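A short worksheet on the structure shown next.
Just so it is clear, the model here is predicted, and its values are computed rather than measured. Naming: A, B, ... by sequence-line order, numbering from 1 per chain.
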Amino acid sequence: MLESHIRSRLKEKKILLMTHIVIGYPSLEASLEIVRTMVAAGVDLMELQIPFSEPIADGPVILKANQNSLAGGVSVAQCLEFGRTVAREFPIPFLYMTYYNILFKYGVDRFVDEMRDAGLKGSIVPDLPPEEADGYLSAMQRNQLSPIFIYSPTTSEARLTAIAKVADGFVYCVARKGVTGDQTEFSQSLDAYLARCRTATGLPLALGFGVKDKSDIKFLEGKADIAVIGTQALRLIETEGIAALGPFIRDLQT
Amino acid sequence: MNKRGYFGNFGGAFLPEILVATFDELERVYTEARNDPIFWHDYEQLMSSYSCRPTPITYAENLTRHFGGARIFIKREDLNHTGAHKANNVMGQGLLVKRMGKTRVIAETGAGQHGVATATMAARFGFDCTIYMGEVDVARQRPNVFWMEQLGATVVPVTDGTRILKDAINEAFRDWVTNMDATHYVLGTACGPHPFPEMVAWFQSIIGKEARRQFMEREGRLPTRVFACVGGGSNAMGIFSGFFDDDVELVGVEAAGRGLNSGAHASRLCSDDASVGVAQGYKTYFLQDDDGQMRETHSIAAGLDYVGVSPILSDFKEKGRVRFEGATDREVIEAVRLTMRKEGVIPALESAHAFARAFKEAPTMSPDDIILINQSGRGDKDIFTIADAMDDPKWKQFIIEKAKQYHA
């Protein structure tokens, strides 16, 4: 189970690191190379984003990666195959991240069954709130996979508790208003928000959106269980190439 | 946790968590307003003093004689302030923004009419205003961009994706999730997450309520068939809502573009190319591929060039309450030409889809029948597109001369 895996890793590290890639960006071969580099550098979990033409919660960098991947002809079937390959080859938990229409068109049950067969541990679907998630939740439960739900600073106390009832594995706390990739202020208000999240759920907490360097991760130690690096890694790949990823990720954890 | 905002199998609120609280606030304020008779009264007053309501129905005597079948009437939403039915929705939402105490509005626009209407409303109410518009639409609707900017709005050309309406909607959502405290997103049509479809349809219902009353006063009876173009579907919802409970046939006309078999169209409800999906926060028919990726759409009318459609109309399609048809770009240009020559009325390219279909059906109907066409907007915004389509040499010469002046 994902949660117990996270808990046992947390005995060895103060805070875990989760990274994110868009499958097929800049190419399927490069995606595999990126995963290999990230795992070798000590990443604890990874989100594999299946590209969608309308990624409304993503900022410009990830949006462009989605579009480029699709323009390169990447299909959902190829993304599922990619997930199978990396889950077999590398020893860390992998999650799919995508938008609901990808599951809906594929067939939610069929998608989740294939996710289990491929060896993935769960998924993040940012435009699928618990209200709309009945079919998805039962498919995930049947397959013992973790549906990762999201907390935001605007989520009410009652809703934090309600989401905690259906969440599994960990909860993904969005650091601020806005889309991925913008600046986040690592300050007292973030402390207070994470404390609220902690009260609402016993699950491990991941903090994402705007985490970009070592000082951000140091700030989060003891407050969150997982730091999520998304856009920053993509920017690095674009400016300095895949080879720069290894030193960058190793440096974040020292 | 309960699902909200469904019409049969369609609708819902597929929202990123960060927007849930904002939608809760919007739903609360909208529900309060809807249950407050004074709100609707104030809205009608505002529309009558600011926007020329009620708009008339015009008997198209010459077109009726030309086709020799059903009598043809036109509901004149083109006479609204800013020249389209869009004014109904934005002024209504403007009143809600005031109620919420917000100070900034954002909007997306395809043809530009919704952008102009929103910029106008923002100027009237004193709100800051940003309009998102696909780069392709900015290029083909420059006159409307000019007006939005003159009205004080910032127009942001969207260069992502296919650079048309759906991409502008995504970009507006991205702005909203960052700035929702002071900002309201004035969604332009009866689409998107709950409560937008229901709320926009409610404001637009002013069209149908008026039209029904006007027919009863003038003819002592209701029309036989009502035609409206369908992009997102707000004008159609508006006019149809006057007749849902009556024995009146309702016909929604989509953009068949270069033909329903060409792959270059925007027909979601009258073609087999669309299927049910979830995007931009709601469930409806979308033009998408087997993987669920949205496809490129085409229409000569920027306002109909949209990949989804109102979930309320998807429900009416499944229930058989509304019949959906398509009109091609070519049929539309011909309908504009004929309407101008016969009636001295210039319909927008969007509205001309409804005219084109009505003209096909009018001759097959009896003189006892009455057709009502919703002219959702006026065609002067389309002067460049229409002049191109009509290949008018004098217009081309004018543009060449004008360009020379700017180069001088």
NZ/NE/NH1/NH2 to OD/OE distance under 4.0 Å, Arg159(A) and Glu131(A): yes

Contacting moiety of Asp58(A), where chain B heavy atoms sit under 4.5 Å: backbone

Partner of Phe23(B) by ring pair (Phe, Tyr, Trp, His ring centres under 6.0 Å), out of Tyr282(B), Tyr30(B), Trp176(B), Tyr185(B): Trp176(B)

Residue part contacting chain B, namely of Pro60(A), when any heavy atom lies under 4.5 Å: neither

Residue among Ile131(B), Leu165(B), Thr118(B) satisfying side chain to side chain contact (heavy atoms under 4.5 Å, CB included) with Glu108(B): Leu165(B)

Passing option when Asp191(A) is tested against Lys223(A), Arg196(A), Arg198(A) for salt bridge (charged side-chain N to carboxylate O under 4.0 Å, His left out): Lys223(A)

Per-residue contact mode, Ile18(B) against chain A (heavy atom under 4.5 angstrom): both

Top contributor to chain B contacts, counting heavy-atom pairs under 4.5 Å, from Gly59(A), Ala133(A), Pro126(A): Pro126(A)

Test log, rule salt bridge (Lys or Arg N to Asp or Glu O under 4.0 Å), inputs Asp109(A) and Arg142(A): CA-CA 10 Å; Asp109(A) 284 331; Arg142(A) 195 179 64 240; 3.7 Å; yes

Top contributor to chain A contacts, counting heavy-atom pairs under 4.5 Å, from Lys283(B), Glu171(B), Gln288(B): Gln288(B)

Rounded distance (nearest 0.5 Å) linking atom CE of Met97(A) with atom CD1 of Ile102(A): 10.5 Å

Criterion side chain to side chain contact (heavy atoms under 4.5 Å, CB included) against Leu234(A), the qualifying member of Ile62(A), Thr239(A), Thr19(A): Ile62(A)

Engaged part of Glu54(A) at the chain B interface, taking heavy atoms whose separation is under 4.5 Å: both

Asp216(A) bridged to Lys212(A) by N-O distance under 4.0 Å: yes

Heavy-atom contact with chain A under 4.5 Å, split by part of Asp290(B): backbone

CG (Asp272(B)) with more than 12 external heavy atoms under 6.0 Å: no

Segment of Phe104(A) engaging chain B (4.5 angstrom heavy-atom cut-off): side chain

Under 4.5 Å from any heavy atom of chain B - which part of Leu70(A): side chain

Closest approach of His265(B) to Ser271(B) (non-hydrogen atoms, all atoms of both residues): CE1-OG, 3.6 Å

Leading residue by heavy atom contact count with chain A [cutoff under 4.5 Å; candidates Ser275(B), Pro16(B), Ala21(B), Gly281(B)]: Pro16(B)

Interchain contact, Val307(B) with chain A, by part (heavy-atom threshold 4.5 Å): neither

Sidechain N-carboxylate O distance under 4.0 Å for Asp175(B), Arg104(B): yes

For chain B, the option from Ala57(A), Pro153(A), Pro129(A) that forms the most heavy-atom pairs under 4.5 Å: Pro129(A)

Best-contacting candidate, Ile50(A), Asp127(A), Leu128(A), against chain B by heavy atom pairs under 4.5 angstrom: Asp127(A)

Contact winner vs chain A - Asn179(B), Asp167(B), Thr178(B), heavy-atom pairs under 4.5 Å: Thr178(B)

Output field: ring centroids Phe316(B)/Phe7(B) closer than 6.0 Å: no

Ile56(A), part contacting chain B, at a heavy-atom distance under 4.5 Å: both

Choice from Ser152(A), Ala77(A), Ala71(A) maximising heavy atom contacts with chain B below 4.5 Å: Ser152(A)

Residue selection (most heavy-atom pairs with chain A, distance under 4.5 Å) from Asp24(B), Thr22(B), Val276(B): Val276(B)

Which atoms of Asp181(B) approach chain A - backbone, side chain, both or neither, heavy atom under 4.5 Å: side chain

Side chain, backbone, both or neither of Ser156(A) within contact of chain B (heavy atoms, under 4.5 Å): neither

